[in-house]
K.L.:
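Got a structure for you, questions after.
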Amino acid sequence: MYNLKIRGRHIIGDKSLGQISGDIIAPIDAKTPLWWSAALVVSLGLFGWGIYSMYITVTQGIGTWGVNNTVGWGWAIINFVWWIGIGHAGTAFSIFLLILRQTWRTAINRAAEAMTVVAVGCAALFPLLHMGRPWLFFFIFPYPNTRGPLWVNFNSPLFWDFVAISAYLLISASFWYFGMVPDFATIRDTTKSKVKKAVYGFFSFGWTGSSREWLRFEALSFVLGGIAAVLVVSVHSIVSTDFAVSVEPGWHTTIFPPYFVVGAIFSGFAMVLTLVTLMRKLYKMESFITDSHVDAVCRVLIFISLIMGTAYLTEIFMAWYSGSTYEMYTFFKNRIFGEYAFQFWAMFICNAIIPQLFWFKTVRSRLWIVFIISILINIGMWFERFNIVITSLSHNYIPANWAEYSPTIIEIGLFVGTLGMFSAGVLLFFRYIPMIAISEVKSVAKYDKEQDLTRSLSHETSEKSKTQAQH
Amino acid sequence: MEKTYWRSLEELEDPKALRIREAREESKQKSLLYKKDEGDTGNSRRDFLKTLGFSLAATALISGCERPVNKAIPYLIKPEEITPGQASYYASSYFDAGDYGSVVVKVRDGRPIKIEGNELSSVSRQGTCARIQASILNLYDGARYKGPQQRSNTIKWHDADLEIVKTLDQLKQQNGRVVLLTQTVISPSARQIIEQFLAARPGTEWVQYDAVSASGMLNANVKSFGMRAIPDYRIDKASVLVSFGADFLGTWLSPVEYTRRYTDARRLDEGQRKMLRHYQFEAAMSLSGSNADVRFPVKPSEEGGIVLSLYNEIAKAKGAERLNGVMPKVDVTALAGELLENQGKSLVISGSNDENIQMLVNGINQLLGNYGQTILWESALQTKKGTDQEMQSLVADALAGKIDGLLIWGVNPVYDYPEGEKLEAAIRKMKLSVSFAERQDETARACEYILPEPNYLESWNDLEPRTGFYSLAQPTVSKLFDSRNVEESLMAWSGKQGSWADYIRNRWKTEFFTRQSEYTDPMLFWNYTLQKGVFEPGTNSSGAVWEPSGLAAAAAALEDAQTGAEVVLYESIAIGNGKYANNPWLQELPDPIAKISWDNYASVPVAFAKEHGLDNEHVITVNGIELPVFVQPGQAEGTIAVALGYGREYAGNVGNGVGINLFQQVSAKNGNRRYYLTNARLEPVEGKTYPLALSQTHHSMEGRPIVRETNLDEYLLKPEAGNEMHEEFEKKHVTLYPEKEFPAHHWGMAIDLNSCTGCGNCAIACQAENNIQVIGKEQVRNRRIMHWIRVDRYYSGDIANPDVSFQPVMCQHCDNAPCENVCPVAATPHSSEGLNQMAYNRCVGTKYCINNCPYRVRRFNWFKYVDNDRFDYNANNDLGRMVLNPDVTVRSRGVVEKCSMCVQRIQEKKQTAKLEGRMIGEGEIKTACQQSCPGNAIVFGDLNNPESRISKLFKDKRNYHLLEELHTLPSVGYLTKVRNKA
């Protein structure tokens with residue numbers, strides 16, 4: 001039997017099921033808080049800057065960016081990988097933890113999945129925009145045509161990217177949406193506003209809450225979960241093959257798929273932590289997202305940070321072991337001491353060293369430190385992608401080609417735009433969608449009543465022995 | 001959406017009806033024509049069918065087509081030789097400011113689009129230089145004068161002639177002085193016309209002026225041999241070559257010729273066992289110096305002492321008299337010894353404009369017995385004739401107001417003569433000032449009359465670059481603007497009106513016809529000579545007689561070595577004397593040594609930079625002139641170098657304001673202009689930076705086997721010296737995949753690193769052939785230059801006097817290409833003949849292929865470079881776009897491009913061979929880079945043909961592939977560089 005005990009309680013305070021729904025739906029029914037509107041305006045402003053940058057990029061050309069004939073990929077690809085990594089929050093949380101039957105995921109998984117969907121949306125912008133001729137993006141679809149037929153190049157990791165990310169977006173969005181259907185039904189049933197009733201009614205698909213529907217719901221969760229579980233590993237592995245399949249020194253290495261996947265989960269968990277610490281403060285959800293939830297995530301982060309550190313050291317070791325002058329130059333001279341040494345050390349410290357602070361309970365229990373460290377982890381992960389993409393490209397095989405890269409205001413604008421898009425998406429999520437999975441949290445609420453369970457079990461056995469005795 | 005054009009309101013209102021009306025009228029005209037031929041009964045049926053067919057076609061076309069056809073002008077009667085879509089080739093000749101090349105011009109649909117070298121010329125052979133290749137764009141330059149002007153008002157030729165003749169007559173009566181100031185004229189017919197003009201107008205003088213003059217040499221040769229010319233340097237016959245500051249591979253006198261001879265003397269690809277040894281004494285790192293086996297960085301003022309000491313060492317050994325003079329800074333005993341071992345097979349040259357040094361150099365060569373062996377007077381070079389003393393006195397007289405009329409042809413002294421500004425004021429005050437300039441320049445701006453001459457591609461001409469070696473030029477396009485050959489103006493003003501074309505033709509049919517015996521009919525002689533472009537009867541004797549008497553005086557007059565900082569002023573390979581500063585191809589060509597485009601700069605020695613904390617893009621002042629700094633390994637201690645030809649003010653919108661003008665700093669000493677400054681004030685400017693557009697910022701190979709080198713002695717022992725790892729890598733080519741098969745052709749290219757001098761001419765040839773766009777300084781600085789072929793330059797050894805290696809790199813057409821795999825839309829497949837193809841219309845621009853190419857030979861179209869005001873170069877106007885090659889796509893924004901091995905040329909020759917029912921001959925297909933290379937360094941051919949030159953080169957022990965350890969299986973091979981150090 002599985003060990004169902006966790007270190008703390010799932011929900012603090014003895015809440016009834018009705019109270020649980022009420023608490024979680026309260027922000028949706030309440031008036032829009034001022035800070036929310038302000039934050040949304042700022043986010044939309046940033047997003048607007050992003051839209052302007054997109055306009056310039058598409059109408060004038062990639063020349064408005066800082067990339068050149070030596071460093072062909074810059075911030076766009078770094079951001080693309082970064083956002084996909086962050087997107088692994090939802091998939092890792094909901095699905096991995098679902099398969100591992102970690103019940104404590106239920107307080108956080110809805111927010112994590114929402115983050116995934118928005119993050120993948122942000123990420124998907126970059127492969128589209130970094131194309132020289134984005135209006136011909138459909139060339140990457142293998143659609144039947146009369147020109148041969150002319151198919152795409154199935155050997156290319158960029159094509160695999162397209163498949164993986166489309167699948168990822170679809171599955172994550174489906175998984176997130178279907179999980180919300182019972183919650184939308186709850187809102188439909190409890191809300192006083194006619195508009196909300198109609199809208200949430202539409203999105204709840206006529207959910208009645210019958211046992212048959214619950215059975216189907218569980219089954220669907222497991223099926224989608226099963227498919228999505230593969231995606232957790234495959235999507236970022238495929239993104240990593242963008243680099244691993246190439247010949248560039250520092251890119252051409254088999255460690256990349258697991259390295260990237262672990263890094264993505266790292267990034268995702270950290271972003272979840274960031275959001276969730278904010279969420280519980282702003283919406284007073286401390287009773288659902290308890291200190292022990294935060295504690296659990298921090299422990300996972302220690303473990304992953306150790307893996308990241310090991311991966312960095314492995315890369316460096318393999319560069320030496322390979323004996324290749326190109327690899328050794330890339331790792332020992334270029335990354336550690338070269339033009340972009342700052343980025344390398346930022347990555348190493350933020351990812352492998354700082355999260356080790358989570359070993360200390362005092363650190364884990366002070367939520368403002370946890371918040372800061374989670375942001376540093378994501379910054380570290382951004383620098384990791386910078387380190388991988390830019391240093392290998394800028395100083396590669398033939399020294400006559402060595403060139404530097406620095407972003408232009410347009411690339412910065414695009415990045416800031418996606419930050420704005422992300423925060424706008426998350427804000428909208430907070431406002432209009434139950435930020436905790438009501439039905440799932442309710443399903444684990446009774447687990448806390450441990451004494452009741454043993455009592456009822458012993459009651460059963462005693463009953464059984466009674467009846468047996470009777471017969 | 002295409003823009004629709006309309007010519008009248010009726011067309012705008014009802015285009016269809018108008019077209020039908022027009023078609024009917026056209027067919028009526030046609031039937032009128034046919035009516036004229038009706039006498040021929042045999043044709044009437046054909047005519048009927050023609051007319052019927054035309055009207056039917058016209059109606060079908062009109063009813064089917066929505067848009068009216070714009071600017072389609074079919075031939076009514078097609079000329080016999082011209083097939084639209086097929087190129088015709090015309091022989092012509094390029095000559096400007098001492099640069100000469102016999103060329104073949106490719107003309108497509110009535111306009112010239114490419115220049116190639118003329119193989120039939122024994123002067124320039126098949127090679128060209130960057131300026132000759134770029135000259136095709138000078139034809140289509142918007143800065144050209146569109147017609148005759150008088151102080152910004154247009155004037156008719158006839159009126160201008162009348163006025164000028166009147167003024168000339170007036171001046172003659174007043175005993176005024178009129179001077180015809182020209183560049184060196186090498187056309188025998190033009191010289192004759194000038195003589196006629198001078199005779200018809202006594203009191204007129206003729207002064208020849210070279211912006212970068214060889215006057216010192218000419219004066220010295222007059223004193224030493226009685227010849228006002230420059231002898232023929234047969235570098236290919238020498239075993240030892242010593243150059244004192246002469247950049248003979250780059251810009252000195254006849255670099256195309258010298259490059260060919262130099263590389264011929266250093267080849268090892270056909271079993272040669274000997275190589276020319278090249279010593280260079282110079283201050284700045286020149287192209288020649290970078291190819292030298294042994295290089296001595298010395299200050300320019302030290303040159304005299306070294307030459308004298310060399311003379312004395314040789315004189316001592318030969319028992320001749322030693323001369324007194326300055327002491328040397330370098331010990332040349334060993335060098336003298338080597339020269340003495342190679343008497344009659346050595347060559348000492350100097351690029352100095354100091355007469356005395358040149359006389360001593362003559363003395364050295366005379367003692368070594370080189371005249372008649374490696375130095376020939378029979379075929380003396382005629383391309384520089386200007387005497388500095390003449391020009392100096394002319395300018396002095398002009399400034400003093402003693403010159404009343406100045407006719408200026410092909411020179412720009414307001415820009416490139418010291419005191420040019422004062423000269424401008426003087427010209428404006430003259431009673432008659434006429435410029436024949438083809439394009440805008442500072443001197444023409446000051447003249448009253450501007451009577452533009454046509455471009456050389458629009459003109460007839462005959463040229464004599466070497467005594468007894470002639471070539472012709474013919475128009476390849478009718479005059480684009482209202483211009484007139486200067487010779488015709490002079491003829492008109494001599495009272496002998498006539499056509500220049502007729503003049504040349506008559507002269508050739510009478511005078512030159514008699515100097516040969518191959519053709520008995522003068523017309524045939526003329527036609528065939530014009531077709532070949534060259535006529536080389538040669539001469540048997542020169543009349544040069546050695547005169548030793550001036551040597552002692554020359555030695556005594558040599559300058560002492562100075563202690564202060566010295567500034568060397570040199571011509572850069574791309575820009576030269578600045579005449580074509582408005583040519584964007586030349587401005588964008590990275591300097592072969594510094595790899596900087598769109599600027600001139602102060603090259604400072606490494607030690608100086610360290611001492612003053614200077615780095616690239618800092619700023620220093622040189623005698624008060626601010627210049628950006630470039631740290632140059634090999635620059636001699638105590639010197640800096642700056643290129644001339646920059647800082648044009650009135651060249652056109654491309655050339656204006658590019659760089660700083662240093663011509664004003666050139667001084668006259670001993671009457672000859674001195675192209676270096678002594679005791680210069682160099683002061684770093686704190687806190688100021690100036691951006692420089694560098695195309696290469698890293699100069700070390702970092703221990704990687706990119707250019708493989710060895711020395712001659714090792715090579716002779718073991719041909720694979722320096723290349724041993726090639727065998728090892730060949731053995732490691734193991735693969736799980738089936739090997740690619742190339743059943744028909746397998747195209748490949750071999751580059752002999754011994755023959756590549758790094759001149760960069762291939763980049764311009766490729767740019768002209770493949771419609772490669774100019775992107776401007778800012779974009780070049782951001783490493784986005786579009787050249788499909790680039791020449792990488794590496795330094796090795798002592799940074800104060802390094803060894804230099806050049807390596808041309810273009811798409812390697814890898815049989816296991818990393819780029820092909822990663823394109824998501826399959827835009828870059830591999831052809832069945834071994835080429836890596838690029839389908840522009842499929843490319844979506846993900847740039848994965850750019851990243852995955854380990855050679856970084858792919859180029860991205862970051863912006864729309866054509867028809868875009870932001871890039872206002874030749875592609876932004878109709879005139880400039882006439883240079884585009886119709887066989888090559890012009891790429892749009894957002895697509896990747898790269899070297900295609902001139903696939904359009906491959907296809908053309910395959911088609912010709914197919915039509916003629918034969919195999920393609922070896923050497924028949926020539927890529928643009930191969931065809932233009934003056935050193936014959938590039939070989940293209942079919943690897944499937946075991947007899948082809950390329951197959952043999954690939955089997956040479958020197959052959960290796962770049963980055964072969966990556967198993968990319970490139971189709972390009974490099975032959976290791978073999979130096980000949982002692």
K.L.:
Against chain A, work out which of B:Val844, B:Thr697, B:Val825 has the most heavy-atom pairs shorter than 4.5 Å and name it.
P.N.:
B:Val844
K.L.:
Among residues 589-597 of chain B, which residues come closer than 4.5 Å to chain A, judged by heavy atom distances?
P.N.:
none
K.L.:
If you count heavy-atom pairs under 4.5 Å with chain A, which of B:Pro818, B:Cys823, B:Ala827 comes out on top?
P.N.:
B:Cys823
K.L.:
So, taking the atom named CH2 in A:Trp402 and the one named OG in B:Ser700, what distance separates them when rounded to the nearest 0.5 Å?
P.N.:
7.0 Å
K.L.:
Once you round to the nearest 0.5 Å, how far does CG of A:Asn68 lie from CG of B:Asn782?
P.N.:
5.0 Å
K.L.:
Count the heavy atoms of every other residue, nucleotide or ligand shown that sit under 6.0 Å from NZ of A:Lys333, and state whether that count exceeds 12.
P.N.:
no
K.L.:
Starting at OG1 of B:Thr846, measure out to CZ of A:Arg133 and round the result to the nearest 0.5 Å.
P.N.:
11.5 Å
K.L.:
Is the number of heavy atoms from other residues, nucleotides or ligands within 6.0 Å of CD (B:Glu724) greater than 12?
P.N.:
yes
K.L.:
For B:Glu965, is it the side chain, the backbone, both or neither that has a heavy atom under 4.5 Å from a heavy atom of chain A?
P.N.:
side chain
K.L.:
In terms of heavy-atom proximity below 4.5 Å to chain B, should A:Thr408 be classed as side chain, backbone, both, or neither?
P.N.:
neither
K.L.:
To the closest 0.5 Å, what do you measure between CG (A:Asn396) and SG (B:Cys853)?
P.N.:
8.5 Å
K.L.:
Between A:Val58 and chain B, which part of the residue has a heavy atom less than 4.5 Å away: side chain, backbone, both or neither?
P.N.:
backbone
K.L.:
Mind listing the closest non-hydrogen atom pair of A:Ile398 and B:Pro854 along with its distance?
P.N.:
CG1-O, 3.9 Å
K.L.:
Quick check: closest heavy atoms across A:Phe159 and B:Pro824, and the distance to 0.1 Å?
P.N.:
N-CB, 4.0 Å
K.L.:
At a 4.5 Å cut-off on heavy atoms, which part of A:Trp160 comes close to chain B: side chain, backbone, both, or neither?
P.N.:
neither
K.L.:
Relative to chain A, which segment of B:Arg790 carries a heavy atom at a distance below 4.5 Å: side chain, backbone, both, or neither?
P.N.:
side chain
K.L.:
So which residue, B:Asn861, B:Val896, B:Asn841, B:Leu962, ends up with the most heavy-atom pairs under 4.5 Å with chain A?
P.N.:
B:Asn841
K.L.:
By the salt bridge (Lys or Arg N to Asp or Glu O under 4.0 Å) test, which pairs, at least two apart or in different chains, include something from residues 237-250 of chain A?
P.N.:
A:Glu248-B:Arg856
K.L.:
Closest heavy-atom contact between A:Trp151 and B:Ala826?
P.N.:
O-CB, 4.2 Å
K.L.:
More than 12 foreign heavy atoms under 6.0 Å from OH of A:Tyr55: is that the case here?
P.N.:
no
K.L.:
Which region of B:Ile775, side chain (C-beta onward) or backbone (N, CA, C, O), has a non-hydrogen atom less than 4.5 Å from a non-hydrogen atom of chain A, or is it both or neither?
P.N.:
neither
K.L.:
Measure across A:Gly132 and B:Phe860 and return the closest heavy-atom pair with its distance rounded to 0.1 Å.
P.N.:
CA-CZ, 3.6 Å
K.L.:
Any non-hydrogen side-chain atom of A:Arg147 less than 4.5 Å from a side-chain atom of B:Arg842?
P.N.:
yes
K.L.:
Minimum heavy-atom separation for B:Asn851 and A:Gly72, please, with both atom names.
P.N.:
OD1-N, 3.0 Å
K.L.:
Which atoms form the tightest heavy-atom contact between B:Arg784 and A:Ile62, and what is the distance?
P.N.:
NH2-O, 4.0 Å
K.L.:
Report, as yes or no, whether the 6.0 Å neighbourhood of atom OH on A:Tyr52 holds more than 12 heavy atoms from other residues, nucleotides or ligands.
P.N.:
no
K.L.:
Pick one of side chain, backbone, both or neither for A:Thr64, based on which atoms fall under 4.5 Å of a heavy atom in chain B.
P.N.:
both
K.L.:
Hey, are the side chains of B:Thr968 and A:Val247 touching, using non-hydrogen atoms and a 4.5 Å cut-off?
P.N.:
no
K.L.:
What part of A:Phe138 is in contact with chain B, defined as an atom under 4.5 angstrom from a non-hydrogen atom: side chain, backbone, both or neither?
P.N.:
neither
K.L.:
Let me know if A:Ser394 has heavy atoms under 4.5 Å from chain B in its side chain, its backbone, both or neither.
P.N.:
neither
K.L.:
Report the distance from atom CZ of B:Arg783 to atom CD of A:Glu404, rounding to the nearest 0.5 Å.
P.N.:
8.0 Å
K.L.:
Distance from B:Leu966 atom CG to A:Tyr397 atom OH, nearest 0.5 Å?
P.N.:
4.5 Å
K.L.:
When heavy-atom pairs shorter than 4.5 Å are enumerated against chain A, which of B:Arg704, B:Gln779, B:Lys864, B:Gln807 gives the highest number?
P.N.:
B:Arg704
K.L.:
Filter on side-chain hydrogen bond (donor to acceptor under 3.5 Å, both in side chains), then keep only pairs touching residues 70-82 of chain A, sequence neighbours left out; what's left?
P.N.:
A:Asn79-A:Trp382
K.L.:
Is it true that atom NE2 of B:His726 has more than 12 heavy atoms of other residues, nucleotides or ligands lying nearer than 6.0 Å?
P.N.:
yes
K.L.:
What residue in A:Ile140, A:Val245, A:Val71, A:Asp161 has the most heavy-atom pairs under 4.5 Å with chain B?
P.N.:
A:Ile140
K.L.:
Is atom OH of A:Tyr321 surrounded by more than 12 heavy atoms (other residues, nucleotides or ligands) closer than 6.0 Å?
P.N.:
no
K.L.:
Which residue out of A:Ile77, A:Thr325, A:Leu393, A:Leu150 racks up the most heavy-atom pairs below 4.5 Å with chain B?
P.N.:
A:Leu393
K.L.:
Heavy atoms only, distances under 4.5 angstrom: which of B:Val822, B:Ile785, B:Leu694, B:Val895 has the most pairs with chain A? Name it, please.
P.N.:
B:Val822
K.L.:
Go through the side-chain N and O atoms of B:Trp862 and A:Asn69 and say whether any donor and acceptor fall under 3.5 Å apart.
P.N.:
yes
K.L.:
Tell me if a side-chain donor or acceptor on A:Asn155 pairs with a main-chain N or O of B:Glu820 at a distance below 3.5 Å.
P.N.:
no
K.L.:
Who wins among B:Asp792, B:Ile850, B:Leu963 for the most heavy-atom pairs under 4.5 Å with chain A?
P.N.:
B:Leu963
K.L.:
Find the one option among A:Pro127, A:Pro249, A:Ala76, A:Gly66 whose heavy-atom pairs under 4.5 Å with chain B are most numerous.
P.N.:
A:Gly66
K.L.:
Side chain, backbone, both or neither: which part of B:Tyr855 has an atom under 4.5 Å from a heavy atom of chain A?
P.N.:
both
K.L.:
Only counting residues at least two apart or in another chain, list the ones meeting salt bridge (Lys or Arg N to Asp or Glu O under 4.0 Å) with B:Asp867.
P.N.:
B:Arg881
